[in-house]
There are 2 protein chains.
Amino acid sequence: MKKEKSEFKEIFIKYIEDKGMRHTKQRELIVDSFFSAGRHITSEELFNIVKKKNPEIGYATVQRNLNLLCESGLAEEIKIGKQKTRYEQKYGSKHHDHLICVKCGRLIEVNDEKIEKLQDKLARANNFIPIKHKLEIYGICGNCK
Amino acid sequence: MKKEKSEFKEIFIKYIEDKGMRHTKQRELIVDSFFSAGRHITSEELFNIVKKKNPEIGYATVQRNLNLLCESGLAEEIKIGKQKTRYEQKYGSKHHDHLICVKCGRLIEVNDEKIEKLQDKLARANNFIPIKHKLEIYGICGNCK
DNA sequence: ATATTATTGATAATAAAAATCAATATCATT
DNA sequence: AATGATATTGATTTTTATTATCAATAATAT
Ligand SMILES: [Mn+2]
Ligand SMILES: [Mn+2]
Ligand SMILES: [Zn+2]
Ligand SMILES: [Zn+2]
């Protein structure tokens, strides 16, 4: 069974090479681990995962490469309240917004095409060209009520 | 011409007294300055304004009282990207969301009743009780395009 | 007035993320 | 395969925003 190179990795490698950067074992491990981890991971959580496979790796390297993933468009920062920044996978998942439980912190991913359209309309009505948006609805999730 | 005590101040004083806290000249100045300042001010900006009226005042006092304003419901934190926290006046202005220019940083306040309704519906469809939400649309404002 | 204690202002502590830097690894060139 | 240029790493320090600490002071009840 041949190991296929995942597309996210190809995209990342291309981004790296185009900028004259280099391919390293650490990068590979970090990128792989990021995409097989949970959907809203912190740098610390990813560091702990990565450390198990390669205990030599440093925290700074994980942070740096998460930043690179963001720059390349493969990841995106999510900041909720006073929590540490979380990183969302932007490959293999379409745009969505979040319902955030104020009791347990659960993130529920949602999408509403009507809302998306109205947001665009609202922006344009204000002579504003929308690029991206962030919608977070805070409340009580099903488990917590 | 008698100076009327503004309602926001009454609300704040009531909040303070109910918690067994005390009324001080610093609080009064900070609250007054906050409500006559711009709509999305940082603690640093407010500190600089307040310092002109009372150069004795400390930064920590401004921060603390902004936090109190938030607790009382009269102010709300807005965090945009990596910027310092800004504080929004929540008295005398109804709920709104923001268009945020990625070029000049301008904040445009908007509201769309249809979007608000659909957000509620979306939350409930996910067995989620919405409490509040935050919608930020990033893009290019009229001045910048 | 006095006693109690919340508040202040100066400063230190905290915490997340970015910057620094010498040692090392990568990679194009030979 | 060895070389040289330089990007990356890991450890550490720095930065920056916010919160915590604490002795002195001010506000309030008695
Ligand atoms: Mn998500
Ligand atoms: Mn606003
Ligand atoms: Zn919950
Ligand atoms: Zn603009």
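Chain naming here is simple, since letters A, B, ... match the order of the sequence lines and numbering starts at 1 in each.
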Look at the side-chain N and O atoms of [X] and state whether any lies under 4.0 Å from the OP1 or OP2 oxygen of [N].
X       : N      : value
A/Asn67 : C/dA17 : no
A/Asn65 : D/dT9  : yes
A/Thr85 : C/dA17 : yes
A/Lys82 : D/dA17 : no

Aromatic rings [X] and [Y]: how do their planes relate, parallel, tilted or perpendicular, breaks at 30° and 60°?
X       : Y        : result
A/His95 : A/His133 : perpendicular
B/Tyr15 : B/Phe12  : parallel
A/Tyr91 : A/Phe35  : perpendicular

Exercise for the section: Find which nucleotide of DNA chain D each of A/Leu68 and B/Arg64 is nearest to by heavy atoms, and output the residue with the more 5' nucleotide. Expected result: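 Checking each residue's closest nucleotide, the 5'-ward one belongs to A/Leu68.
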
Distance, rounded to the nearest Å, where [X] contributes [atom1] and [N] contributes [atom2]:
X       : N      : atom1 : atom2 : result
B/Gln63 : C/dT11 : CD    : P     : 17 Å
A/Glu56 : C/dA23 : CD    : C1'   : 14 Å
A/Glu17 : D/dT8  : CD    : P     : 12 Å
B/Lys51 : C/dT8  : NZ    : P     : 17 Å

Exercise for the section: Assign B/Glu44 to base, sugar-phosphate, or nothing according to its heavy-atom contacts below 4.0 angstrom with the strands shown. Expected result: nothing

Exercise for the section: Classify every nucleotide of nucleotides 24-30 of chain C by which part a protein heavy atom approaches to under 4.0 Å, writing B for the base, S for the sugar-phosphate alone and - for neither, in 5'-to-3' order. Expected result: -BBS---

Exercise for the section: Heavy atoms only: give me the nearest A/Gln89-A/Ala37 pair and the separation to one decimal. Expected result: NE2-O, 3.0 Å

Practice task
Select one nucleotide: of C/dG9, D/dG10, C/dA16, the one nearest the side-chain heavy atoms of A/Lys84.
Solution key: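 Nearest nucleotide to the side chain: C/dA16.
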
Practice task
Could you check A/Glu77 against B/Thr61 and say which one's nearest nucleotide on DNA chain C is further toward the 5' end?
Solution key: B/Thr61

